[in-house]
Novice: 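One structure coming up, written as structure tokens, with questions to follow.
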2 protein chains.
Amino acid sequence: MDSINSMILKCLQENARMSNSEIGRRVGMSSPAVSERIKKMEDAEVIEGYKTFVSPFKSGYQLKALITLRAFMGMLKPFLEKVKTYDEVVNCYRITGNENIVMEVVLKNQEHLESFIDQLITYGETKTQIVLSHVVKHSEIKPV
Amino acid sequence: MDSINSMILKCLQENARMSNSEIGRRVGMSSPAVSERIKKMEDAEVIEGYKTFVSPFKSGYQLKALITLRAFMGMLKPFLEKVKTYDEVVNCYRITGNENIVMEVVLKNQEHLESFIDQLITYGETKTQIVLSHVVKHSEIKPV
DNA sequence: GGTGAAAGCATCTGGTG
DNA sequence: CACCAGATGCTTTCACC
């Protein structure tokens, strides 16, 4: 992990679809050299993947919420499997403290929110916070 | 937004660096047609961007946390500007309720967590939850 | 890590339904 | 208007230095 790899990661975090030769131009290197460095970072799992951000709003989801779950005794493990299958859950974190889970979810409307929360009550107590705005959206990781 | 665009979005969400011709092969279309459809979805802001996921762990951040902030009177607005400048903040949501803000932050170690929280106390009261695991990581948006 | 040839890809153009 | 097919110029890949 040298300064050139950091510059490559900066380019790719800004725009994952940037071509290797464009990256090469910016970092002062040939495109095969860039390609090889990227491949090594993928193999080392420094790069975990390339994702496209799709607007939930424009895709028919009018509501975003953070839902906190405090799982009932013995229900955390089954929930951790189940949560992977919910289309509504964009992100899910397991956390320390009395509350075990925080999820970022997208929903069509209030009715959808209600029915989604109903699905959760078998697993634990929930707390819902509606997201008013996503102030910082996946800002880039800067190497230490 | 027809079924072909949905298939294109599925490909791009799975791997943002997939080539247009590979997408074309999967959806049964020529690459110029795919390219044009992608361009239109970018213009319509259905596609918000293409981002690379870099491992915070492999980048020197040993801790991830969710920090909730309850802003002091008159401090929310200045905080909403300030938060964009913190390298530690990967995501920041403004939410309803007594607590105004939830942030996903990456930190080098406990010391770094402490100094980061110290920076926040001028803006409000904080609550910190350490992330044990990121169970679901930016799962794809499925069109309604 | 660079270079050069060959294959593959993106983009533009003109033409079709 | 959306798509395809063919031509052109980039890009990627792989051999080799």
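Atom set for the values below is all heavy atoms of this structure, side chains included, hydrogens, waters and symmetry mates excluded. As the structure is a prediction and not an experimental result, all values here were calculated from the model. Each chain gets a letter, A, B and so on, in the order its sequence line appears, and its residues count up from 1.
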Novice: B:K40 near the nucleic acid: base, sugar-phosphate alone, or nothing, with a heavy-atom cut-off under 4.0 Å?
Specialist: sugar-phosphate
Novice: Are A:I141 and A:V46 linked, directly or through other ILVMFWY residues, by side chains that come within less than 4.5 angstrom of each other?
Specialist: yes
Novice: Would you give the length of the straight line joining atom CD1 of A:I121 to atom CZ of A:F116, rounded to the nearest 0.5 angstrom?
Specialist: 12.5 Å
Novice: Should B:K77 and B:E81 count as an ion pair when the cut-off is N to O under 4.0 Å?
Specialist: no
Novice: For the residue pair A:Q129 / B:Y93, report whether a side-chain donor-acceptor contact shorter than 3.5 Å exists.
Specialist: no
Novice: Could you tell me how far apart B:I4 (CD1) and D:dC4 (P) are, to the nearest whole angstrom?
Specialist: 8 Å
Novice: Using a 4.0 Å heavy-atom cut-off, write out nucleotides 10-17 of chain D from 5' to 3' as B (base contacted by protein), S (sugar-phosphate only) or - (no contact).
Specialist: -SBBB---
Novice: Filter on ring-ring contact (aromatic ring centres under 6.0 Å, His included), then keep only pairs touching residues 11-54 of chain A, sequence neighbours left out; what's left?
Specialist: A:F53-A:H138, A:F53-B:H138
